[in-house]
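Below you'll find the structure, written out as structure tokens, and then a few comments.
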Amino acid sequence: MTETLDRIREAVKVLPAVEERDAGEATVFTVEGNDFVRIVGDSTTVRGDDGWTEIDGDGDPVTIEDAVAHAWELAAPRALLEAGGR
């Protein structure tokens with residue numbers, strides 16, 4: 001999980017208003033209180049167009065960055081998106 005967590009942390013650096021929190025067995029990334037990435041054990045899920053989608057946390061870094069950025073866009077409030085977002 002450490003490598004995956006490091007990759008996700010790297011991907012969210014450029015996204016505004018992101019917070020990381022420990023939720024017991026999960027690590028959760030939020031924007032303005034809305035979850036957009038969840039890591040539980042070896043499973044990494046991101047908010048998607050049709051609900052939560054599992055991604056390969058050990059996969060291609062660009063694919064991970066794109067999935068995380070899209071999940072952030074789905075979770076971020078409109079005002080934050082209009083203010084510049086990513």
Side-chain angles (χ1 to χ4, degrees):
M1 178 168 109
T2 304
E3 265 186 54
T4 299
L5 188 54
D6 290 343
R7 287 180 179 199
I8 300 297
R9 284 179 175 145
E10 190 64 30
V12 301
K13 279 183 181 180
V14 299
L15 303 172
V18 172
E19 293 185 10
E20 177 182 339
R21 67 180 169 81
D22 181 16
E25 295 181 15
T27 300
V28 179
F29 291 86
T30 64
V31 56
E32 300 290 327
N34 298 313
D35 296 359
F36 69 98
V37 176
R38 298 177 186 155
I39 303 171
V40 181
D42 292 334
S43 175
T44 302
T45 55
V46 296
R47 184 177 293 235
D49 294 321
D50 298 318
W52 290 88
T53 303
E54 188 164 357
I55 63 169
D56 180 2
D58 296 323
D60 175 51
V62 173
T63 302
I64 293 169
E65 289 171 11
D66 287 346
V68 169
H70 183 66
W72 179 90
E73 290 169 344
L74 293 172
R78 181 179 311 255
L80 190 56
L81 290 171
E82 290 173 355
R86 79 173 167 134

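Counting begins at 1 with the first residue of the sequence.
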Considering only heavy atoms from C-beta outward, does the side chain of [X] approach that of [Y] to under 4.5 Å?
| X | Y | value |
| --- | --- | --- |
| Phe36 | Val28 | no |
| Leu15 | Val31 | no |
| Asp66 | His70 | no |

How close do [X] and [Y] get, counting heavy atoms only, and between which atoms?
| X | Y | value |
| --- | --- | --- |
| Asp58 | Thr4 | OD1-OG1, 3.5 Å |
| Arg7 | Gly57 | CD-O, 3.4 Å |
| Ala26 | Val40 | CB-CG2, 3.4 Å |
| Ala11 | Glu65 | CB-CG, 4.0 Å |

With salt bridge (Lys or Arg N to Asp or Glu O under 4.0 Å) as the criterion, how do Lys13 and Glu10 come out once you've worked through the C-alpha distance, each side chain's angles and the decisive distance to 0.1 Å?
CA-CA 5 Å; Lys13 279 183 181 180; Glu10 190 64 30; 3.2 Å; yes
Measuring from [X]:[atom1] to [Y]:[atom2], what's the distance to the nearest 0.5 Å?
| X | Y | atom1 | atom2 | answer |
| --- | --- | --- | --- | --- |
| Glu19 | Thr30 | CD | OG1 | 5.0 Å |
| Thr63 | Ile55 | OG1 | CD1 | 9.0 Å |
| Leu80 | Glu73 | CG | CD | 10.5 Å |
| Glu54 | Asp42 | CD | CG | 9.5 Å |
| Thr27 | Ile8 | OG1 | CD1 | 10.5 Å |
| Trp52 | Thr44 | CH2 | OG1 | 11.5 Å |

Take a 6.0 Å sphere around CD of Glu20 and say whether it holds more than 12 heavy atoms from other residues, nucleotides or ligands.
yes
Who are the side chain to side chain contact (heavy atoms under 4.5 Å, CB included) partners of Asp50, not counting sequence neighbours?
none
With sequence neighbours excluded, give me every side-chain hydrogen bond (donor to acceptor under 3.5 Å, both in side chains) pair touching residues 32-41.
Arg21-Asp35
May I ask whether Val18 and Val14 are part of the same hydrophobic cluster, defined by side-chain heavy atoms of I, L, V, M, F, W, Y residues being less than 4.5 angstrom apart, directly or through others?
yes
Test Phe29 against every option in Val46, Val68, Ile39 by the side chain to side chain contact (heavy atoms under 4.5 Å, CB included) rule and name the one that passes.
Ile39
